[in-house]
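Here the structure comes first, spelled out in C-alpha cells, and everything after it is commentary.
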Amino acid sequence: MKRIVVLTSGGDAPGMNPAIRAVVRSAIYHGMEVYGAYHGYHGLMNGDLLRMDLGSVGDIIHRGGTMLYSARSEEFKTAAGRERAMEVCHQHGIEGLVVIGGDGSFRGAHALAELGLHTVGIPGTIDNDIAGTDFTIGFHTAVNTVLDAIDKIRDTATSHERTYVIETMGRNAGDIALWAGLAGGAETIIIPEKQEPFEQIIERLLHGHKRGKKHSIIIVAEGVGKGDDFAKRIQEETGFETRVTVLGYIQRGGSPTAYDRVLASRLGGYAVQLLMEGKSDVMVGIQQNQLMVTPFLQSFEDVHQIDDSMYELAKILSI
Ligand code: ADP
C-alpha cells in the first residue's frame with residue numbers, strides 16, 4: 001500500500017482531529033503518501049483532496065471538530081456516486097481509505113470495499129452507539145461536557161429547590177445520559193434501552209422529596225423523547241416546579257479529553273497498521289483496553305450494549 005486517503009464523515013466529534021493526525025503521521029512514518037478528502041465522501045467523489053505532510057496535522061491534537069470538515073452526502077449513497085469516488089481513487093493512485101465516522105460512514109466504506117478499495121473505519125461519534133468497540137472517539141468529551149452542565153444546574157437547582165430535566169444527545173443510544181447521569185448524581189436517568197414505567201419515576205421523586213431532598217435532576221436521552229414533554233408530565237403529577245435544559249450541540253464541541261486523544265491516537269495508528277497488513281472492510285475498536293478488529297458486516301449486525309449494572313447502580317445511589 002503506497003497511497004491512502006483519510007476523511008471524516010457524518011456527525012463530527014471531539015477527537016476526530018487527533019485521529020486524523022495519528023493516521024497521517026503513522027502512514028508517513030511507514031513510507032506511505034496520504035491525502036485528506038474534504039467534507040467526507042462528498043470531497044472524495046469530487047476530487048477535493050489535500051496532499052498531507054507531517055506539518056498538515058500540526059497543532060490540531062487539542063482542537064475539537066475536524067480540520068477536514070464533515071458532511072453527509074446523498075449522492076454517495078447511489079452506485080453512480082460511489083463509482084465516481086472509485087474513479088478519483090484510481091486517478092490518484094489511492095489504494096486505501098481510512099474513514100472516521102459513525103455507522104452510516106462505515107456502510108459507505110463497506111460499499112467501497114466491495115468495489116475493491118481497501119477500507120478501515122475508526123469509530124468517531126459522541127453517541128457511543130457502535131458495536132465492536134467499548135468507546136467511540138468523542139464520547140468521553142461529550143460526557144464531560146454534560147457533566148459540567150449538570151454540576152452547574154445542580155447549583156441553581158439547590159438554590160431554588162426545583163426539579164430539573166436535562167435533555168442529552170445520543171440519537172437512539174443512552175450511553176451519554178447514563179454515564180453523565182451516574183457521574184453527576186442524577187436522581188433519574190431515562191434512556192431508550194431501559195424504559196422504566198413513568199409511575200415508578202414519579203414515585204421515586206415523591207419519595208426523595210419526602211425524605212428531604214431539596215431538588216431533583218432528571219437526565220433524559222433524546223432517544224426517548226423531548227425533555228419538555230417529560231418536564232410537563234412531571235410537574236403535573238408531582239406539583240414540583242420543573243425546568244428544562246436542552247443541551248444540544250455544545251455536546252459535539254470542545255477540546256477532546258485526554259482519554260479521547262489517546263483513543264484517537266491508538267485507533268489511528270492501528271488503522272494504518274491494518275491497511276499495511278492488507279486488511280479491508282473492517283473497523284477498529286477498543287475492548288477492555290485492547291485494540292480490536294471487527295468486520296463492518298458484523299458491526300452492522302451487532303448492537304452496542306449499555307452496561308446494565310451501571311444503570312442499576314445509578315438507581316441504587318439515587319435513593
Ligand atoms: P454517521 O456516519 O455519523 O452515522 P450518516 O449516517 O449521516 O452519519 O452517514 C454519513 C454518510 O455516509 C452519508 O451521508 C452517506 O454519504 C454515507 N452513507 C450512509 N449510509 C450509507 C449506505 N447505506 N451506503 C453508502 N453510503 C452511506
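Bear in mind the structure is a predicted one, so any value in this text is a computation, not a measurement. In each ligand, atom 1 is the first atom listed, and ligand 1 is the first ligand listed.
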- Query: Does Ser309 reach the main-chain N or O of Asp307 with its side chain, forming a donor-acceptor pair under 3.5 Å?
  - Reply: no
- Message: Heavy atoms only, cut-off 4.0 Å: how does Ser73 contact ligand 1, side chain, backbone, both, or neither?
- Response: both
- Task: Look at atom 22 (C) of ligand 1 and say which protein heavy atom is nearest, naming residue and atom and giving the distance to 0.1 Å.
- Result: Arg107 CB, 3.6 Å
- What atoms of ligand 1 come closer than 4.0 angstrom to any heavy atom of Arg82? 25 (C)
- Message: Give me the residue, atom name and distance of the protein heavy atom closest to atom 19 (C) of ligand 1.
- Response: Gly104 O, 3.1 Å
- Message: Under the criterion side chain to side chain contact (heavy atoms under 4.5 Å, CB included), I'd like the reasoning laid out for Asp127 against Thr136: C-alpha separation, chi angles, the key distance, then a yes or no.
- Response: CA-CA 8 Å; Asp127 301 334; Thr136 55; over 6 Å; no
- Message: Within the 4.0 Å heavy-atom shell around Phe76, which atoms of ligand 1 are there?
- Response: 16 (O), 26 (N)
- Item | Atoms of ligand 1, numbered as shown, that sit under 4.0 Å from any heavy atom of Arg171 | 3 (O), 4 (O)
- Could you check Glu187, Glu196, Glu237 and say which one makes a salt bridge (charged side-chain N to carboxylate O under 4.0 Å, His left out) with Arg204? Glu196
- Option passing side chain to side chain contact (heavy atoms under 4.5 Å, CB included) with Val6 (candidates Val272, Val34, Val120): Val34
- Atoms of ligand 1 under 4.0 Å from any heavy atom of Ser9, numbered from 1 in the order shown, are 10 (C), 11 (C), 12 (O)
- For atom 5 (P) of ligand 1, the protein heavy atom that lies nearest, with its residue and separation: Arg72 NE, 3.6 Å
- Would you call the rings of Phe240 and His209 parallel, tilted or perpendicular, where under 30° means parallel and over 60° means perpendicular? tilted
- Message: Checking a contact table here: which protein heavy atom is nearest atom 2 (O) of ligand 1, and how many Å away?
- Response: Ser105 OG, 2.4 Å
- Message: Residue-level breakdown please: for His42 versus ligand 1, do any non-hydrogen atoms fall below 4.0 Å on the side chain, on the backbone, on both, or on neither?
- Response: neither
- Item | Intermediate values then yes/no, side-chain hydrogen bond (donor to acceptor under 3.5 Å, both in side chains), Thr145 and Asp148 | CA-CA 5 Å; Thr145 301; Asp148 186 45; over 6 Å; no
- Under 30°, 30 to 60°, or over 60°: which ring-plane class applies to Tyr38 and Tyr69, parallel, tilted or perpendicular? tilted
- Query: For ligand 1, which atoms, with element, lie under 4.0 Å from some heavy atom of Gly11?
  - Reply: 3 (O)
- Query: Which word best sums up how the rings of Phe300 and Phe296 line up, parallel for under 30°, tilted for 30 to 60°, or perpendicular for over 60°?
  - Reply: parallel
- Check whether any heavy atom of Asp103 sits under 4.0 Å from an atom of ligand 1. yes
- Message: Classify the ring geometry of His140 against Tyr259: parallel below 30°, tilted from 30° to 60°, perpendicular beyond 60°.
- Response: tilted
- Note on the structure: of all protein heavy atoms, closest to atom 25 (C) of ligand 1 is Gly108 CA, 3.6 Å
- Heavy-atom nearest neighbour in the protein, as seen from atom 8 (O) of ligand 1, with distance rounded to 0.1 Å: Gly10 CA, 3.4 Å
- Query: What atoms of ligand 1 come closer than 4.0 angstrom to any heavy atom of Gly102?
  - Reply: 1 (P), 2 (O), 3 (O), 4 (O)
- Query: If you measure only the distance, is there a donor-acceptor pair under 3.5 Å linking the side chains of His39 and Asn46?
  - Reply: no
